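Working notes, beginning with the structure itself.
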Amino acid sequence: MMLTVNRVERIQGRIQVPGDKSISHRAVMFASIAKGKSTIEGFLPGEDCLSTVACCRGLGIDIKQEGTFLEVQGKGQYGLQEPENLLDAGNSGTTMRLLSGILAGQSFLSVITGDGSLRKRPMARIANPLRQMGAKIDGRVGGKLAPLIIRGGNLEGIDYTLPVPSAQVKSAILLAGLYASGETIVREEFLSRDHTERMLQFFGGNLERRDGSVVLKKSELYGQSVKVPGDISSAAFFMAAAAAMPGGHLIIEDVGLNPTRTGIIDVLREMGAHIRIDNIYSSGGEDLGTVIVEGGKLKGITITKEIMPRLIDEVPVIAAISALAEGTMRITGAEELKVKESNRIAAMVTELKKLGIQAEELEDGMEITGTGRISGGVVESYGDHRIAMAMAVCGLFAQEPVQIQNSECIAVSFPGFEKTLKEITW
């Protein structure tokens, strides 16, 4: 599928974005191992989250779905059934890594796999700590790559320091910690997204935070009603586009405002964007609100590793609008981008250059020189939804149409992206 995006003269309107992908994944998993019924409103019916639903059904969980509304009949932590077939996580690293933490607590055998892209992504980062807790995990290349074969049970809590800030690794350990004797402690240098911690507490988990660490004791979870906020990572593409458009004015309602995810707002403000937050309220341990963006002239800045855990998924769109900013944008501390759905550093630099943008790959990031000009052309998505949407943002400002090959991957996180884009541009 080829998505063609043409230059526009105005970005203006009021929109809502799909439910948060990270929270949708977690809501389904937590509801599955909780006792009793849970309802999930605002679920993201994208391909990744549907992979989580399919895997939980494969473990014997009854899940009814009508659009963005789910009803999950939880069976408690020890009510899962040994799967008859392989559990297929599709392209979803979140599904594979977090579910591995749950499977590590089960006494039965599970095999979890994914598509060709996911089978290339590193899994030792979760397999090693889960083995330390007592789970038996094997896989390709000594358990470093999927498919993963997991036989769990009889887990013991560990005190683990994350080598690299990662919400997925932290979450896998904490989910295994629900089944472990003693305390499970996870430490990280910079706080990564904390949706798992918040949802654990919301479902009744015995969790507390101590001086940069998370401490969990063996807990039972109970069914809840969850409202999933709008995904700020999806909103980021529209926020960035509106910020870069002189005279742009965009209102995005019911966006998740978890402070571990709002790095995009901080960066856009530092670049010179005018962003206001209104109508803030809380639901299920998460803050939501309305984000109002007014466009203008942006400037290049330097982004370092300290903010990266709060910004990692938004780097591609920041790189895209850097071409329109005055000066040089320098992005560092972003090594984690190399092991996403694609190597997002190499992918963005390669595709930006195809559009006439001055971009240079760094060991841990990239440098983009803002010239205010983007040419047109044919670019590749690499099967990565965030690369595809970042290229679409480039198209809004390009001299000639930007054609994005293999754009069907956008459905992973934002099935209605093209329709929403047309609603606010002309």
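In this text, all values refer to a predicted model and were calculated from it rather than measured experimentally. Position 1 is the first residue of the sequence; numbering continues from there.
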To the nearest 0.5 angstrom, please state how far the CG atom of Leu98 sits from the CD atom of Gln168. 6.5 Å

CG on Leu250 to CD1 on Ile15, rounded to 0.5 Å: 5.0 Å

Looking at Asp313 and Arg193, is any side-chain nitrogen of the basic one under 4.0 Å from a carboxylate oxygen of the acidic one? yes

So for atom NZ, which belongs to Lys217, do other residues, nucleotides or ligands contribute more than 12 heavy atoms lying within a distance under 6.0 Å? no

Would you check, one step at a time, whether the test side chain to side chain contact (heavy atoms under 4.5 Å, CB included) holds for Leu118 with Met123? CA-CA 10 Å; Leu118 185 55; Met123 293 300 153; 3.9 Å; yes

So, Asp194 and Arg209, do they make that salt bridge, N to O below 4.0 Å? yes

Sort and list the pairs that fulfil ring pair (Phe, Tyr, Trp, His ring centres under 6.0 Å) and have at least one residue in residues 15-43, not counting sequence neighbours. Phe30-Phe203

Salt bridge flag under 4.0 Å for residues Lys354 and Glu380: no

Electrostatic pair Asp384-Lys340, nearest N-O below 4.0 angstrom: no

Salt bridge (Lys or Arg N to Asp or Glu O under 4.0 Å) filter on Glu361, not counting sequence neighbours, yields none

Quick one: do Val186 and Val169 satisfy side chain to side chain contact (heavy atoms under 4.5 Å, CB included)? Show the steps, please. CA-CA 10 Å; Val186 183; Val169 178; over 6 Å; no

May I ask you to decide if Arg210's main-chain N or O and Ser213's side chain share a donor-acceptor pair within less than 3.5 Å? yes

Which residue pairs pass the side-chain hydrogen bond (donor to acceptor under 3.5 Å, both in side chains) test with at least one member in residues 134-161, sequence neighbours excluded? Asp159-Arg187

Could you check Ser381 against Gln405 for side-chain hydrogen bond (donor to acceptor under 3.5 Å, both in side chains), going step by step and ending with a plain yes or no? CA-CA 6 Å; Ser381 73; Gln405 294 179 315; over 6 Å; no

Would you give the length of the straight line joining atom CD1 of Ile277 to atom OG1 of Thr262, rounded to the nearest 0.5 angstrom? 8.5 Å

From CD1 (Ile303) to CD (Glu314), nearest 0.5 Å: 10.5 Å

Is any side-chain N of the basic residue among Lys422 and Glu418 closer than 4.0 Å to the acidic one's carboxylate O? yes

Minimal heavy-atom distance between Lys227 and Ser283, with the atoms involved, is CB-OG, 3.4 Å

When every non-hydrogen atom of Ala104 is compared with those of Ala135, the smallest separation belongs to CB-CB, 3.8 Å

What distance do Ser413 atom OG and Glu47 atom CD have between them, rounded to the nearest 0.5 Å? 9.5 Å

Which atom pair, heavy atoms only, marks the closest approach of Ala235 to Val17? CA-CG1, 3.9 Å

Using a 6.0 Å cut-off, check whether atom CZ of Arg269 has over 12 heavy atoms from anything other than its own residue. yes

One pair to check against side-chain hydrogen bond (donor to acceptor under 3.5 Å, both in side chains): Thr260 and Asn258. What are the steps and the verdict? CA-CA 5 Å; Thr260 64; Asn258 183 308; 2.6 Å; yes

What is the distance from atom CG of Asp62 to atom CZ of Arg57, rounded to the nearest 0.5 Å? 8.0 Å

So does Arg276 have more than 12 non-hydrogen atoms from other groups sitting under 6.0 Å from CZ? no

